Amino acid sequence: MSEVVYPHQQANSLWSSRMAFILAAAGSAVGLGNIWKFPYITGENGGGAFVLIYLAFIFLIGVPVLIAEIMIGRRGGQSPVATMRTLTETENTARGWRIIGWNGVVASFLVLSFYAVIGGWALVYIGKTAIGLFAGADAEAVGGQFNDLLASPWELLLWHSVFMAIVVFIVARGVRSGLEKAVNMLMPLLFVLLVVMVIYAMNSGSFGRAVHFMFSPDFSKLTTEGVLIALGHAAFTLSIGIGVLMAYGSYLPKSINIARTAMTIAVVDTSVALLAGLAIFPLVFANGLEAGAGPGLIFVTLPLAFGQMGAGTLFGTVFFALLLVAAITSAISMLEPVVEWLEERKGASRVRSAIGGGLAVWFVGIGTVLSFNLWSDVHPLGLIGFFEGRTVFGLLDFLVTNLMMPLGGLAIALFAGWAIRREGLAQDIGLSGAAYQAFMVVLKYVTPAGIAIVFLYNLV
Ligand code: PFF
């Protein structure tokens, strides 16, 4: 049988190097999830025990799914939907697995709709910090700034729109020129700035308390829903289960070792999240703020710190600018499955697909904009237990992060572990001998069982 070469696997569209792929995939993984979300959900879920469970999920569930998803993407070499359609045929599996591709397109569409609104917050904070608004400000003033922003639908809408416009512009320009350039230099710089913030936080006086909060587990503070949130976040932060890495993997040359690459991505991503926590919690405790304050946590603690430190205006401005870059490199990855689907399905050009898809996402994002003000009391699906009391934003976040992403991950693990051909699999993944055997045991049993148990516990 002659080897079929799928569209994305043609030499001219492949990633130029392993490094280029790592940067793009790590750019997708590292984002608001690490710096905005990880600290605030850690705060809401009591600290240490949550962090421990989250770390276990990253390595026992996240990494295997990450490997499987990239491998599937490379085998299929097309958009997630077309990849899954092709693979169910070439690998002779049940057609039902195609749902993995569809789940990806829908989930990545929905996740971007709210992610872009938070990305807009990062945009606003570049400006607020740059004009010195926080210089010498106290906790109350900084908190007031954030609440004022949330209370203003027009302001949120404006920045949501600007954020989406940037994302569409980059995606429209295509994989090579658009994606690679954006991530090359700025991600390492963000890492350095986070380290500087941690050093600053070490001297702020409450570092010990923060370390204790983050790393000494008290399981009495962890609820079953907290465990589900940790699972969802492990998926969210690695961008797995929704086709994004399948789409990126479709451009990956055969020569690149997926297992090693996936491990690198997971380690980088986890380090950024832990650094963000170590930068933020000392400030939270030193300033008598509430660890469980919710989504505003970093937008209150960090400006407060920037307002007090030397050259804080400059430093803070650069920090928020880099946070924006991190958010953009994640957001462009979310638009990728949607755009690829539109290109293939509707035969539209990349530019048209990016604009059309982006507009639709932008529109749905208005629901999130309103969740923080006019619709703060609107709870769609409020009568269904799981969704009770959630705004549009809360609902979308819960639906995508805690349901669609982990369940997508479960399906991917099962598909790669049980359904597809074993022939050539070890080589595809980049493992051999005992390491491969061990990996397969984890992928086939540990990962699916882990996800299933968390869900069962939450349902019962
Ligand atoms: N991993 C990104 C973050 O941590 O900010 C968020 C994300 C990117 C989620 C891509 C989903 C996705 F498809």
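Heads up: numbering here begins at 1 and tracks the sequence. Counting starts at 1 for both ligands and their atoms, following the listed order. Since we're looking at a predicted model, the values are computed, not measured.
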Student: Hey, which atoms in ligand 1 end up nearer than 4.0 Å to a heavy atom of Leu32?
Tutor: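 Heavy-atom distances to Leu32 below 4.0 Å select 5 (O).
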Student: Which is it for Thr391 and Trp375 under the side chain to side chain donor-acceptor pair (under 3.5 Å) test, yes or no, and what are the steps along the way?
Tutor: CA-CA 7 Å; Thr391 58; Trp375 287 1; over 6 Å; no
Student: Is there a donor-acceptor contact under 3.5 Å from the side chain of Thr447 to the main chain of Pro64?
Tutor: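 Side chain of Thr447 to backbone of Pro64, a donor-acceptor pair under 3.5 Å: no, none is there.
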Student: Judged on heavy-atom distance to atom 8 (C) of ligand 1, which of Ser239, Ala327, Gly119 sits nearest?
Tutor: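 Nearest heavy atom to atom 8 (C) of ligand 1 lies in Ser239.
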Student: Looking at Ser333, which atoms of ligand 1 are within less than 4.0 Å of one of its heavy atoms?
Tutor: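 Heavy-atom distances to Ser333 below 4.0 Å select 10 (C).
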Student: Is there at least one pair of N or O atoms, one from Asn34 and one from ligand 1, spaced under 3.5 Å apart?
Tutor: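 The answer is yes, given that Asn34 and ligand 1 share an N or O pair closer than 3.5 Å.
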Student: Just which atoms of ligand 1 are under 4.0 Å from any heavy atom in Met405?
Tutor: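 Selected atoms, number and element: 11 (C).
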Student: Closer than 3.5 angstrom, by distance alone: can the side chain of Ser330 be matched with the main-chain N or O of Gly27 as a donor-acceptor pair?
Tutor: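 Judged by distance alone, yes, a pair lies under 3.5 Å.
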Student: Pick, from Phe236, Phe38, Trp36, the option with the minimum heavy-atom distance to atom 9 (C) of ligand 1.
Tutor: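 Minimum heavy-atom distance to atom 9 (C) of ligand 1 goes to Phe236.
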Student: Looking at Glu69 and Gly243, would you say the former's side chain and the latter's main chain have a donor-acceptor pair under 3.5 Å?
Tutor: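 Judged by distance alone, yes, a pair lies under 3.5 Å.
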Student: Quick check: does Met334 get an N/O under 3.5 Å from an N/O on ligand 1?
Tutor: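 Min N/O separation from ligand 1 is not below 3.5 Å for Met334.
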Student: Salt bridge (charged side-chain N to carboxylate O under 4.0 Å, His left out), that's the test. Do Arg85 and Glu91 meet it? Break it down for me.
Tutor: CA-CA 10 Å; Arg85 187 184 336 108; Glu91 309 273 333; over 6 Å; no
Student: What atoms of ligand 1 come within less than 4.0 Å of a heavy atom belonging to Val244?
Tutor: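 Those qualifying, in numeric order: 13 (F).
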Student: Which option wins on minimum heavy-atom distance to atom 2 (C) of ligand 1: Gly33, Ala331, Ser28, Gly31?
Tutor: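 Residue with the shortest heavy-atom distance to the ligand atom: Ser28.
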Student: Validate the cation-pi geometry between Lys221 and Phe50: distance from NZ or CZ to the six-membered ring centre under 6.0 Å, angle to the ring axis within 45°.
Tutor: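 Not satisfied by the 6.0 Å and 45° rule.
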Student: Are the side chain of Arg352 and the backbone of Glu343 linked by a donor-acceptor contact shorter than 3.5 Å?
Tutor: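 Not a single qualifying donor-acceptor pair exists.
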Student: Which is closest to atom 4 (O) of ligand 1 by heavy-atom distance: Ala29, Ala107, Gly27, Ala247?
Tutor: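 The nearest heavy atom belongs to Ala29.
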Student: In terms of residue, atom name and distance, what is the protein heavy atom nearest to atom 5 (O) of ligand 1?
Tutor: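 The protein heavy atom lying closest is Tyr115 OH, 2.5 Å.
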Student: Report yes or no: do Arg98 and Thr88 form a side-chain donor-acceptor pair below 3.5 Å?
Tutor: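 There is such a pair (donor and acceptor under 3.5 Å, judged by atom type) between the side chains of Arg98 and Thr88.
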Student: Which of the numbered atoms in ligand 1 are below 4.0 angstrom from a heavy atom of Ile242?
Tutor: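 Atoms satisfying the 4.0 Å criterion: 11 (C), 12 (C), 13 (F).
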Student: Within the 4.0 Å heavy-atom shell around Thr237, which atoms of ligand 1 are there?
Tutor: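 Close to Thr237: 1 (N), 4 (O).
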Student: For the backbone of Phe398 and the side chain of Thr401, can you confirm whether one donor and one acceptor N or O come within less than 3.5 Å of each other?
Tutor: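 The answer is no, because no donor-acceptor pair under 3.5 Å joins these two groups.
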